[in-house]
Every structure is written in structure tokens, then in C-alpha cells.
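Take a look at the structure below.
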Amino acid sequence: MYETKESKQLFYEAKKYLVGGVASSIHKAPDEEYPIYAVRGKGSRFWDVDGNEYIDYMGSFGPSILGFSPDAVNEAVKKQIDEGTHFALPTGSLNQLSRKLVEILPCAEMVGYQSTGTEADMVAVRLARAYTGKTKIVRFEGHYHGWADELNVSAHPATKAGMGPRSHPWKTLECPGQLPEASDEIIVIPWNDEKALENVLKHHGNEIAAVIMEPVMYNAEPILPAPGYLEAARKLTRDYEALLIFDEVITGFRLALGGAAEYFGVVPDLMTFAKAVAGGYPISGVAGRRDIMESGVHPAGTFNANPLCVAAALATLKELEKPGTYEKMAEITGEIVKGVRELGKKYGVKLWCDSQVSVWQLQFGIDGPMHDMTDNFQVDKKTYGRFYKECLKRGVRLHSSRGRFYISTTHTREDVQETLKVFEEVFKVMF
């Protein structure tokens, strides 16, 4: 029988000392009484404090592309621990990593480092303003670019009505304490709408420093760029002398070694990366053209590219470079998608399931891909919430509040078969 008494006890103890009882707001869904507490993980699986075993499809929200506790990364990190974890000085290994990233990232002539995705996006925007001499930034409804005040608007609109008119979307703040005026230089428009992008550039082109986007909208349920949309954004930004920034904090190293730019064949002026590059260790950065990167923006950061994270990143990239790595991950997600779609037909359930290499998705209430953030409100999230909880009881961990999932290089066909067996049990219970 599935029990999580120890997790519950730990959570209520944590609430006495820790804001919200968790270190990050995404570690517990709003409708969960308490989260499960992990004790160890290996490969595609982890175990909680109550002894339950789970096949994991969250990948630590993306970073664990090699699975939990990957041997190659462990060895590199252990070696670096013995040599020193932080000097506030450069190391030769940083040269190796920088050279490697310039080789594999399509837009990279130079790179710079931070520790989190939020910081990387802040630096990218500052670089764009420094290079162009312009101030306004265009961002899209439903895209996420970190929690800093300026960019953290309209990322999670609560209602469709609350988004405002499509021709002039409202800027919705994400949390108490945000300064509304911090986003005065931000322009919000719908995504996947070429005409909306052209109009805003036409009317504000002499003020717009950059257009920033997730090349695949992964902040909510995944939404792919419409055919030709990225190419149009690339052309329009060039025509109006604005920079194109790809926020590849999620897509970077997950869709291809060279990220979304390689996957879609569209090269931005700047891109940000984080998460998967170090297999679970905290490092992020900005890559781009040399003339932009040398615009005089070089932020301080005590832990920027510390040797521990650099060692992890070098080891991770070496594993990802092995022939067949991405093909294998795509095969695994492809098998999951095929199985879920068959279950949907068998049980008469309206759903959409799809994948992009190492990322896959499942939504209830729709039977085709979404186009923009307004479509997200058609998703049956209540049904998904129940599905998530029933799967968790049976040893499959999914995202607690949205249908976006990750696999690692360690997931196997046996994992998929076991997962689909659990899914069918849950479909029988629910449908």
C-alpha cells in the first residue's frame, strides 16, 4: 500500500522554519497538501523517504538529462572536489568549456557565465540594450524568462480574460512585491502571430532593442512554433535592427546538442542556456555574436563558472556528444507518445500527446497542438491533476501541475513499458 507518512511529517516540520515549507515555489503544487521527499536517485528512478520507488519524468525540472547521479559526472566532480571547488579565479577547465560551447552552439562566437537561468536572461537583455542603444524589449504571453521583476510579467496569466485584448495584451504581474514600473520598457504580444510581431516592430522599431522568446514555449503545456514563425521572427528583427534572443534555458542541449537553433535551423543573435548543460549542477550563460558580447556588459558573480560546475558541464557534454544519444532519447519519447495515443483511442479519452526529442507532453481536453497561450485555457487541468496523483501512487512521477515531461539518457524501453502499464491502470480507474 502506498504510504507517504514520513514525507508529510517532514513537510509540516519544514513549515515551521522554511517559507512555504519548500525551497522553491515549484517544489510543491498549490493543490498538494505536501510534496514527497526524495532520499536518493539513480538513472531514471528515485526513492522517497518512505521507501517508495518512482520512474521519474521530471528530470529535476530539466537539468538531469543524464539521469540521477550519473557516473561520468560524479567522477569529474569528485576529482574537482579533491582539487578545490572555488577559487574566485579562472581555471584551465573554463577555457575548455568555453571553446566547446563556441564549437557546438550555432550563434556562439563568445560566451559568458552566470549561475541561474534568471541571471542569464537578465544579462542577455542588458547586452541587447548596450549593443543597440535602444531600451524596449518584446516578450510573449506565456513565455518565462526568470523571476526578476522586469521580465516576469504575463508568464502565467490566471484567466484568458485577464490577458486583456489580443491587440494590446495587459502585463500581468506574477507575485506580490513586484514593481509594475519595472516592466515599463517591456512590450507583451501574443506568440506565433507573425502579424502582431511585425506591427509592434513597425510602430516601435526605433525603440526596440530585442525580441526574446522560448523557441518552444515550455513554460506552460508545450507549444511549438508555427511553421515558418521562427524564420519570420529572424527576418523581422533583422529588418528592424533589433536583436533576436532565444531563451534556451529549457531547450538548450535537450532538443539537440546545439539546442533549438540547431533543431530548427534558425540562428538567433543571442541565446541563454542553463539546466541540462551540467547534468544537474548550477551553471548558466549567454552565447552570441562577438560584437554583441563585447558591448561592455560583464556582470560580477561570485559563483560564476566555478570549477565544480565547469567539471560537471564538461563531463555532461562529453556524454551528450556520443553518437546516437539524441536518437535514442527521441525513440524513447516516441514510444511513450505512441502508447499514450493508443490508450486515448482505446478508452475514448480526448487528449494530446507529442514529443520533441527528450521532452514529451500530455494534455487532456484537447486533441491537437496548441497555437498560443490562449489555447492553454482549453486544457482540462482538473483531469490532469487527478491523473498525476493516481500515477504517483503507482510509482510514476510526472509534473504536478502541467503536462510537460523530460526523459534522460538512462530511460529504457522497460521503463516505458512499465509506465504505459501504469497509465492503463489509471485510465481504467478514471475513464
Side-chain angles (χ1 to χ4, degrees), residues 26 29-32 57-58 61 139-145 152-174 188-197 213-230 233 247 250-251 333 336-356 359-391 398-406 423 426-427 429-431:
I26 59 175
D31 63 342
E32 283 185 303
Y57 290 103
M58 279 308 302
F61 284 89
R139 59 147 297 149
F140 299 88
E141 293 173 313
H143 291 220
Y144 182 69
H145 306 297
N152 197 21
V153 293
S154 301
H156 304 92
T159 65
K160 186 175 179 179
M163 296 170 69
R166 185 175 181 84
S167 60
H168 189 69
W170 299 332
K171 297 175 191 175
T172 58
L173 301 182
E174 293 295 303
V188 177
I189 63 173
W191 197 48
N192 266 340
D193 187 331
E194 184 178 336
K195 182 57 68 175
L197 179 58
M213 67 170 72
E214 294 181 83
V216 178
M217 185 179 135
Y218 278 140
N219 174 53
E221 279 76 14
I223 303 177
L224 287 165
Y229 183 70
L230 296 183
D247 179 341
I250 291 181
T251 55
T333 56
I336 295 173
V337 169
K338 179 183 177 183
V340 172
R341 288 181 176 180
E342 288 175 353
L343 287 173
K345 291 178 181 178
K346 180 176 179 179
Y347 290 90
V349 181
K350 188 177 183 180
L351 60 79
W352 176 244
C353 188
D354 200 5
S355 63
Q356 302 86 45
V359 189
W360 61 283
Q361 64 185 100
L362 169 60
Q363 284 79 48
F364 294 102
I366 60 173
D367 54 10
M370 292 172 284
H371 184 74
D372 61 22
M373 189 61 194
T374 58
D375 291 341
N376 190 256
F377 294 100
Q378 300 174 21
V379 174
D380 184 351
K381 297 185 180 181
K382 184 177 180 180
T383 295
Y384 175 78
R386 187 182 172 198
F387 180 76
Y388 156 75
K389 291 173 183 175
E390 293 294 336
C391 289
L398 304 172
H399 198 298
S400 59
S401 58
R402 64 180 64 141
R404 180 196 72 213
F405 322 107
Y406 305 96
F423 285 179
V426 174
F427 271 49
V429 169
M430 292 181 60
F431 307 114

Once side-chain hydrogen bond (donor to acceptor under 3.5 Å, both in side chains) is applied, do any residues pair with [X], and if so which ones, sequence neighbours excluded?
{"X": "Gln363", "result": "Gln361"}
{"X": "Glu32", "result": "Tyr388"}
{"X": "Lys160", "result": "none"}
{"X": "Tyr144", "result": "none"}

Inset, instruction - Look at the aromatic rings of Phe387 and Phe423 and report parallel, tilted or perpendicular, splitting at 30° and 60°. - result: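 Rings of Phe387 and Phe423: tilted, as their planes differ by 30° to 60°.
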Inset, instruction - Indicate the ring-plane relationship of Tyr384 and Phe364, choosing parallel, tilted or perpendicular according to the 30° and 60° boundaries. - result: tilted
With sequence neighbours left out, write down each residue that passes side chain to side chain contact (heavy atoms under 4.5 Å, CB included) with [X], or none if nothing qualifies.
{"X": "Arg341", "result": "Val337, Trp352, Cys353, Asp354"}
{"X": "Thr251", "result": "Pro215, Val216, Tyr218, Glu248, Leu255, Ala260"}
{"X": "Lys345", "result": "none"}
{"X": "Pro30", "result": "none"}

Are side-chain heavy atoms of [X] and [Y] found at a separation under 4.5 Å?
{"X": "Lys381", "Y": "Asp31", "value": "no"}
{"X": "Val379", "Y": "Ile366", "value": "yes"}
{"X": "Val153", "Y": "Leu173", "value": "yes"}

Tell me which donor-acceptor pairs under 3.5 Å the side chains of residues 219-230 have, and how far apart each pair is, sequence neighbours excluded?
| from | atom 1 | to | atom 2 | distance (Å) |
| --- | --- | --- | --- | --- |
| Asn219 | OD1 | His156 | NE2 | 3.0 |
| Asn219 | ND2 | Gly142 | O | 2.7 |
| Asn219 | ND2 | Ala155 | O | 2.7 |
| Glu221 | OE1 | Asn376 | ND2 | 2.5 |
| Glu221 | OE2 | Gly403 | N | 3.4 |

Inset, instruction - Under the ring pair (Phe, Tyr, Trp, His ring centres under 6.0 Å) rule, collect the residues that match up with His143, sequence neighbours excluded. - result: Phe140, Trp191
Legend entry - ring pair (Phe, Tyr, Trp, His ring centres under 6.0 Å) partners of Phe61, counting only residues at least two apart: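 With sequence neighbours excluded, Phe61 shows a ring pair (Phe, Tyr, Trp, His ring centres under 6.0 Å) to His399, given in chain and number order.
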So, for [X] and [Y], which heavy atoms are closest and what is the spacing to 0.1 Å?
{"X": "Phe405", "Y": "Leu398", "answer": "CE2-CB, 3.6 Å"}
{"X": "Phe377", "Y": "Ala158", "answer": "CE2-O, 3.5 Å"}
{"X": "Glu174", "Y": "Ser154", "answer": "OE2-N, 3.9 Å"}

Inset, instruction - Would you check, one step at a time, whether the test side-chain contact (heavy atoms from CB on, under 4.5 Å) holds for Val188 with Glu141? - result: CA-CA 6 Å; Val188 177; Glu141 293 173 313; 3.7 Å; yes
Inset, instruction - State whether the side chain of Ser401 and the backbone N or O of Gly385 hold a donor-acceptor pair below 3.5 Å, judged by distance alone. - result: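 The answer is no, because no donor-acceptor pair under 3.5 Å joins these two groups.
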Legend entry - Audit row: Val349, Met430, side-chain contact (heavy atoms from CB on, under 4.5 Å) steps and yes/no: CA-CA 10 Å; Val349 181; Met430 292 181 60; over 6 Å; no
Inset, instruction - Take Met373 and Met217 through the side-chain contact (heavy atoms from CB on, under 4.5 Å) test and state the conclusion after the steps. - result: CA-CA 9 Å; Met373 189 61 194; Met217 185 179 135; 3.3 Å; yes
Inset, instruction - May I have all residue pairs that pass salt bridge (Lys or Arg N to Asp or Glu O under 4.0 Å) and include part of residues 367-377, sequence neighbours excluded? - result: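 Sorted pair list: Arg166-Asp372.
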